[in-house]
Protein chains: 2
Amino acid sequence: MTTQNVEEKSEICPAQALLKMLSGKWKPEIYRLALSGPLRFNSLLRQINGSNKQSLTTALRELEECGLLERVVVQQKPLHIDYLLTEKGKQLAPVMEQLESLS
Amino acid sequence: MTTQNVEEKSEICPAQALLKMLSGKWKPEIYRLALSGPLRFNSLLRQINGSNKQSLTTALRELEECGLLERVVVQQKPLHIDYLLTEKGKQLAPVMEQLESLS
DNA sequence: TTGAGTAGTCATGTTTTTTTGACTAATTGT
DNA sequence: ACAATTAGTCAAAAAAACATGACTACTCAA
């Protein structure tokens, strides 16, 4: 979806927005890994078994878009990209823990 | 998926199971409505704008399956079905509230 | 200057989810 | 007896999500 659809964009259910942030096959796993430090693309690709470039790219872009992750170009010796949790991303952590505690 | 696939059934991410319970287009809305009392099929269909029988049926079955809702045949004058929150469903409520509080 | 690692894009194909419309079947009100 | 309301099912189509494989472009080390 590149252009916004004017129709039906009324979020009726408030939690739905948050659920949508972590919807899909790979986002929960990516988010969880992000909790323990900066992520790098190829590393993710190796860590998340069964995933693929395209899907990870999409997921990372969406996590960026909703403000949970931040994409940072690291200007260091081998020059790379870090995906870091934003403040919002960190605030989500305790809620996720509670989710996990529910069996 | 009628038969269980032996492969890849390892839930790596614990929160993922819970997220899956409310995944899809209509489940969050159904759950939210269930918080304020018993649900009835045709009423839901009218309330949830843009939905349809088939999708609601599927969503309700899945919410039953994961133990958030219970389907009850009410043996009263006009004989109908009530969908009620289970204990587990009620326990989820505070977590959802927290989710909502995260803007 | 070649080879490996970085982080991707793009077009296409497959699979899953969601929607549509026709239909069923029991109960109740007029 | 007829119509409406209850709560759905079924097959098929459309839409969305996900996967595959080829390709790009930059950096760095040997």
Side-chain angles (χ1 to χ4, degrees), chain A residues 1-5 7-9 12-13 16 19-30 33-34 38-66 69-84, chain B residues 1-5 7-9 12-13 16 19-30 33-34 38-66 69-84:
Chain A
M1 205 201 302
T2 48
T3 54
Q4 290 289 352
N5 189 347
E7 324 252 10
E8 67 167 325
K9 275 299 161 193
I12 314 118
C13 183
Q16 207 159 13
L19 289 171
K20 207 176 283 180
M21 285 186 182
L22 291 173
S23 73
K25 194 163 177 181
W26 307 114
K27 285 193 218 117
E29 184 66 6
I30 294 173
L33 289 169
L39 301 178
R40 291 172 59 170
F41 191 80
N42 286 319
S43 169
L44 262 187
L45 200 51
R46 283 181 236 112
Q47 277 178 88
I48 305 189
N49 212 280
S51 180
N52 58 278
K53 294 163 209 256
Q54 182 69 81
S55 298
L56 286 190
T57 304
T58 306
L60 287 167
R61 294 295 164 270
E62 287 174 9
L63 287 167
E64 256 187 283
E65 229 181 312
C66 73
L69 287 190
E70 190 185 2
R71 182 182 184 276
V72 178
V73 181
V74 181
Q75 302 288 357
Q76 270 177 4
K77 297 295 300 175
L79 183 68
H80 66 277
I81 312 287
D82 271 353
Y83 291 94
L84 301 161
Chain B
M1 206 197 307
T2 47
T3 55
Q4 288 290 352
N5 190 349
E7 324 250 11
E8 68 170 322
K9 275 297 160 195
I12 315 119
C13 186
Q16 211 157 8
L19 289 171
K20 208 175 282 180
M21 284 186 182
L22 291 172
S23 73
K25 195 163 176 182
W26 306 114
K27 284 193 218 119
E29 184 67 4
I30 294 173
L33 289 169
L39 301 178
R40 292 173 56 172
F41 190 80
N42 286 318
S43 169
L44 261 186
L45 200 52
R46 283 180 236 112
Q47 277 178 88
I48 304 189
N49 212 281
S51 181
N52 56 279
K53 297 160 206 256
Q54 181 70 280
S55 298
L56 286 190
T57 303
T58 306
L60 287 168
R61 294 294 164 271
E62 287 175 9
L63 287 167
E64 256 188 282
E65 231 180 312
C66 73
L69 288 190
E70 191 186 0
R71 183 182 185 274
V72 178
V73 181
V74 181
Q75 302 288 359
Q76 270 178 5
K77 296 298 299 176
L79 184 67
H80 65 278
I81 312 288
D82 271 353
Y83 291 95
L84 300 161

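Protein chains get the first letters and strands the later ones, always in sequence-line order, with residue 1 at the start of each. Predicted model only: the values in this text are computed from it and were never measured.
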In whole angstrom, give the distance that lies between atom CG of B:L44 and atom C1' of D:dG8. 13 Å
Just how far, in rounded Å, is P of D:dC18 from CD1 of A:I30? 11 Å
Between CG on residue B:L69 and CG on residue B:L60, distance to nearest 0.5 Å: 6.5 Å
Can you work out whether A:L79 or A:S55 has the more 5'-proximal nearest nucleotide on DNA chain D? A:S55
Within the side chain of B:K20, is there an N or O that forms a donor-acceptor pair under 3.5 Å with the backbone of B:Q16? no
Atom-to-atom span, NZ of A:K53 to P of D:dA22 - whole angstrom: 11 Å
What distance do A:D82 atom CG and A:S43 atom OG have between them, rounded to the nearest 0.5 Å? 10.0 Å
In the structure I gave you, are the side-chain heavy atoms of A:I81 and A:R40 within less than 4.5 Å of one another anywhere? no
What is the distance, rounded to the nearest whole Å, between atom CD of A:E29 and atom P of D:dC18? 14 Å
Take atom CD of B:Q54 and atom C1' of D:dA12, then tell me their distance rounded to the nearest Å. 11 Å
At what angle, to 10 degrees, do the two end axes of the helix from C:dT1-D:dA30 to C:dT30-D:dA1 meet, given five pairs define each axis? 10°
Please tell me if A:W26 has a side-chain N or O lying less than 4.0 Å from either OP1 or OP2 of D:dA17. no
When rounded to whole Å, the CG to P distance for the pair B:N42 and D:dG8 reads 9 Å
Outermost DNA chain C nucleotides near chain B [under 4.0 Å, heavy atoms]: C:dT18 to C:dT28
Nearest-0.5 Å distance, OG1 of residue A:T57 to CH2 of residue A:W26: 13.0 Å
Distance check, rounded to the nearest 0.5 Å: A:R71 atom CZ versus A:L63 atom CG? 14.0 Å
Could you give the CG-to-C1' distance, from B:N52 to D:dA15, as a whole number of Å? 13 Å
Given DNA chain C, 5'-ward residue of the pair A:I81 and B:K77, judged by closest heavy atom: A:I81
Is the shortest side-chain heavy-atom distance between B:E64 and B:Y83 below 4.5 Å? yes
Supply the atom-to-atom distance B:K25 NZ to B:L56 CG, rounded to the nearest 0.5 angstrom. 11.5 Å
Phosphate contact (D:dG8 OP1 or OP2) by B:R71 side-chain N/O below 4.0 Å: yes
Nearest whole angstrom, please: distance from the P of D:dT27 to the CZ of A:F41. 19 Å
Can you check whether B:K53 reaches B:F41 side chain to side chain, under 4.5 Å on heavy atoms? yes
